[in-house]
2 protein chains.
Amino acid sequence: MYKRVLIVDDHDAILHSITKVLHSYKISQIDSVQYCDDAFLKYKRALLDGNAYDLIITDLCFKKDYRNTHLASGEDLIEAIRATDKGISIIVYSMNDQLQKVRYLVKSCAVNGFVCKDRRGSLELTSALMDTSKGVTYLSPQIVDAMSRKEDLEILDYDITLLKLLSQGKSQEEISHHFKTRAIKPSSLSSIEKRLNRLRIQFKAENAIHLVSQAKDLGLI
Amino acid sequence: MYKRVLIVDDHDAILHSITKVLHSYKISQIDSVQYCDDAFLKYKRALLDGNAYDLIITDLCFKKDYRNTHLASGEDLIEAIRATDKGISIIVYSMNDQLQKVRYLVKSCAVNGFVCKDRRGSLELTSALMDTSKGVTYLSPQIVDAMSRKEDLEILDYDITLLKLLSQGKSQEEISHHFKTRAIKPSSLSSIEKRLNRLRIQFKAENAIHLVSQAKDLGLI
DNA sequence: TTTTGCTTTACGGGAAGCCGTAATGATCAT
DNA sequence: ATGATCATTACGGCTTCCCGTAAAGCAAAA
């Protein structure tokens, strides 16, 4: 089991509840902060002082307030940590269950656990602690269900940027030009049309607006 | 101060924290539930038993799970209650600070308080309890700030439904037809085009896709 | 090299969206 | 009633999108 844990979340009620869960185990140090920037500082400081954390539990979404922040989200924090430190365990504890995000965090950021902050959140957090401390990745059941359906697994980065550009108001010709200047392979107007057509069919969307709308709902963009 | 309070929120940590805040006051009954449907049943039952609640504190957004629900969101719950009961106090305690929602809830649902669930949430909740128990509406400062900027105050319900239909993949002609069958006033294709044009200018959007995309970001739809 | 199969590109016709102008309706004050 | 003002509707042109077909490019197998 873990020795030193840092908890990062906006809301004091959540901090409190996580802390309570952790108290069931004999963890020598439990710290908590409400800002990602503070989290990173605390993390660095602990490293330098020779009593590094072995687990970070963090939310993804943080409200903005009067403080201007460097790391604005849990993702930023995780990226900053993982840039140098592959060893420390990271558990994400978040409302956000958008597949795209989860996949990115697990695949690219080597996150050790992803727990959906919902009715059974506290319970699942316990499971996540057990699993990850043994080196096993933990994902909330909902997530696993959703990820096992592989329909949208085939959506490439290319498609994502395509949808993003579209949602930014670019015309198909502008998108074509965008890809041409960046030497991204299928860049002709025709190919872009074809790709969008494929996506429309996949998403059962009536038109481009509907497509972008759904992509936004799914959190793809 | 209130006598009987019902708390409605997904997450046990939040329920816990609200309950703790309420314990500071001498409130004879504090109940909490995790589903809107349960909340409504409990509310109705208390009414019939002659010990009605005088305050409901509720979140807006509830996760879906295996249970299929009738009232899926805090808005649904509030609407159901307000349909017959104008007397009971309602405080919304939510992450969601999208202006459109807040305005609707305060204006149309006569919500007595709206507290943003963020770092200072617990503190503000106290203020909200004090104010609303004296008959004063309480809104989180962030909300007040945002509402005072009147840029988007002029966006009507009409525009919202327009954007919604658009985001659902309806063509302008279909939208025209939709309005015609429902006897909603500006229903001609031409009017709809004009309206959308106005919205595009207001939102500085390049085209309809961009417009819907921004409307979604702002939480208008 | 040729064949085969796939992806990318090119083009053309029809539908939908965008935009200006003008006509019609409705409301209100004179 | 008359005119002024504003919202709604109608229409025509031009652009962009949508969709099918066909050609060109490319890679692996024969």
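Reckoned from all heavy atoms, side chains included, excluding hydrogens, waters and symmetry mates. We name chains A, B, ... by the order of the sequence lines, and we start the count at 1 in each one. What you see is a predicted model, and the numbers here were worked out from it, not measured in a lab.
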message: Working to the nearest 0.5 angstrom, can you tell me the gap between B/Ile57 CD1 and B/Ser32 OG?
response: 10.5 Å
- request: Check whether any side-chain N or O of B/Asn197 sits under 4.0 Å from OP1 or OP2 of C/dC18, and answer yes or no.
  value: no
- request: May I ask you to check whether A/Tyr158 and A/Phe179 place their ring centres under 6.0 Å from each other?
  value: yes
query: Can you tell if the side chain of B/Ile56 reaches within under 4.5 Å of the side chain of B/Val5, non-hydrogen atoms only?
result: no
query: Counting N and O atoms only, with roles assigned by atom type, does the side chain of B/Ser89 sit under 3.5 Å from a partner on the main chain of B/Leu55, one being a donor and the other an acceptor?
result: no
statement: Atom CG of A/Leu165 and atom C1' of D/dT16 are separated, to the nearest Å, by 17 Å
message: Using the side-chain contact (heavy atoms from CB on, under 4.5 Å) definition, which of the options A/Ile175, A/Asp157, A/Ile221 pairs with A/Leu162?
response: A/Ile175
message: Just N and O in the side chain of B/Arg200: are any of them under 4.0 Å from OP1 or OP2 of C/dG17?
response: no
- prompt: Can you name the salt bridge (Lys or Arg N to Asp or Glu O under 4.0 Å) partners of B/Asp38, sequence neighbours left out?
  reply: B/Arg67
- request: Choose from D/dA22, C/dA16, D/dT8 the nucleotide whose nearest atom is closest to any side-chain atom of A/Lys194.
  value: D/dA22
message: Could you check whether the side chain of B/Glu193 and the base of C/dC19 have a donor-acceptor pair of N or O atoms closer than 3.5 Å, going by distance alone?
response: yes
Residue-phosphate contact under 4.0 Å: B/Arg195 side-chain N/O, D/dT8 OP1/OP2: yes
message: Take a 6.0 Å sphere around CD of B/Glu173 and say whether it holds more than 12 heavy atoms from other residues, nucleotides or ligands.
response: no
- request: Verify the contact: side-chain N or O of B/Gln172 to OP1 or OP2 of C/dC18, cut-off strictly under 4.0 Å; return yes or no.
  value: yes
statement: From CG of A/Leu199 across to P of D/dC18 the rounded distance in Å is 12 Å
task: Write down the distance between CD1 (B/Ile175) and P (D/dT8), rounded to a whole number of angstrom.
output: 16 Å
query: For the pair made of CD1 in A/Ile192 and C1' in C/dT9, what is the distance, rounded to whole Å?
result: 11 Å
message: In this structure, how many angstroms lie between the C1' atom of C/dG17 and the NE2 atom of B/His210, rounded?
response: 17 Å
- prompt: Rounding to a whole Å, what distance do you find between B/Ile209:CD1 and C/dA16:C1'?
  reply: 12 Å
field: Integer-rounded Å distance: C/dG17 P and A/Glu206 CD
entry: 12 Å
statement: From CZ of A/Arg198 across to P of D/dG20 the rounded distance in Å is 16 Å
- prompt: Contacts to DNA chain D from residues 179-191 of chain B, heavy-atom cutoff under 4.0 Å, which residues?
  reply: B/Lys185, B/Pro186, B/Ser187, B/Ser188, B/Ser190, B/Ser191
